[in-house]
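Structure, as structure tokens:
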Amino acid sequence: MVGEEGAFVLGWDEVLTEEELSTTLKVLCMSEEEFREYKEQDGWEDDSEEEENSALSNEALSRLKTPCKKLLYDSVLLTLESYRSDLKADQDLLNNKEVYEKLSRREQQALHVRYGQKRILHQLLELVQ
């Protein structure tokens, strides 16, 4: 469901791998009985048109059912814990010109990427609280 990398791609406004995330949340939030019934259907692709046409925008994420929100929230917390620093530490580093300029160009770029990733994850936390 998730692909080889086992990750979902999030943007500022929506989930870019919405089909994978939607299916994963649906399956992980099912009871055993619901899962059995879902597997016994003629195919995994036979979801309703409503689900196929609904993009996982930030607004849609905030309207997810509580179990799905909790699963996403906990997953985001685990992802944030995998970073060596928190959002504030990276922001402080970006704002400290003296320290920032001592970083190599590659370290500066990595800092910007990491900071952007954390901002998106924090935004997701707010959406699913």
Worksheet entry | Pairs where residues 88-108 contributes a residue and the test ring-ring contact (aromatic ring centres under 6.0 Å, His included) is met, not counting sequence neighbours | Tyr100-His112

Worksheet item: What distance separates Leu111 CG from Leu94 CG, expressed to the nearest 0.5 Å?
Response: 4.0 Å

Item to complete: Establish whether Trp12 and Val9 are linked, either directly or via other cluster members, by ILVMFWY side-chain heavy-atom contacts under 4.5 Å.
Response: no

Worksheet item: Out of curiosity, does Leu77 fall in the hydrophobic cluster containing Phe8 (side-chain heavy atoms, cut-off under 4.5 Å, transitive links)?
Response: yes

Response to the item:
Heavy-atom closest pair (Phe35 atom, Met30 atom, distance to 0.1 Å) is CA-SD, 3.6 Å

Worksheet entry | Interatomic spacing from OG in Ser31 to CZ in Arg36 - rounded to 0.5 Å | 8.0 Å

Worksheet item: How would you list all residue pairs meeting side chain to side chain donor-acceptor pair (under 3.5 Å) that involve residues 113-126, not counting sequence neighbours?
Response: Tyr83-Gln117, Ser85-Lys118, Asp90-Arg114, Asp90-Lys118

Discussion item. Quick one, Val76 and Val128 - any side-chain contact, counting heavy atoms below 4.5 Å?
Written reply: no

Item to complete: For the pair Leu16 and Glu14, evaluate side-chain contact (heavy atoms from CB on, under 4.5 Å) and give the outcome as yes or no after the intermediate values.
Response: CA-CA 6 Å; Leu16 302 176; Glu14 64 186 6; 4.0 Å; yes

Item to complete: Please answer: with hydrophobic residues joined when any side-chain heavy atoms are less than 4.5 Å apart, are Leu80 and Leu61 in the same cluster?
Response: yes

Worksheet item: Roughly how far apart are Glu34 CD and Lys26 NZ, rounded to 0.5 Å?
Response: 10.0 Å

Item to complete: Write out all pairs satisfying side chain to side chain donor-acceptor pair (under 3.5 Å) with one or both partners inside residues 71-81, taking only residues at least two apart or from two chains.
Response: Lys70-Asp74

Response to the item:
Distance col, row Leu72:CG vs Leu125:CG, nearest 0.5 angstrom, shows 9.5 Å

Worksheet item: Which residue, Leu71, Thr24, Thr66, Leu64, forms the side chain to side chain contact (heavy atoms under 4.5 Å, CB included) with Cys29?
Response: Leu71

Item to complete: Check whether more than 12 heavy atoms from other residues, nucleotides or ligands sit under 6.0 Å from atom CD of Glu59, and answer yes or no.
Response: no

Item to complete: Measure the spacing between OG1 of Thr23 and CD of Glu18 and express it to the nearest 0.5 Å.
Response: 10.0 Å

Worksheet item: If you group Ile, Leu, Val, Met, Phe, Trp and Tyr by side-chain heavy-atom gaps below 4.5 Å, do Val15 and Leu28 land in one group?
Response: yes

Fill in: Joint hydrophobic cluster, Leu121 plus Leu25, side-chain heavy atoms closer than 4.5 Å
yes

Response to the item:
In this structure, NZ of Lys69 is separated from OG of Ser62 (nearest 0.5 Å) by 6.0 Å

Discussion item. I'd like to know if the side chain of Asn96 and the backbone of Asp92 have a donor-acceptor N/O pair within less than 3.5 Å.
Written reply: no

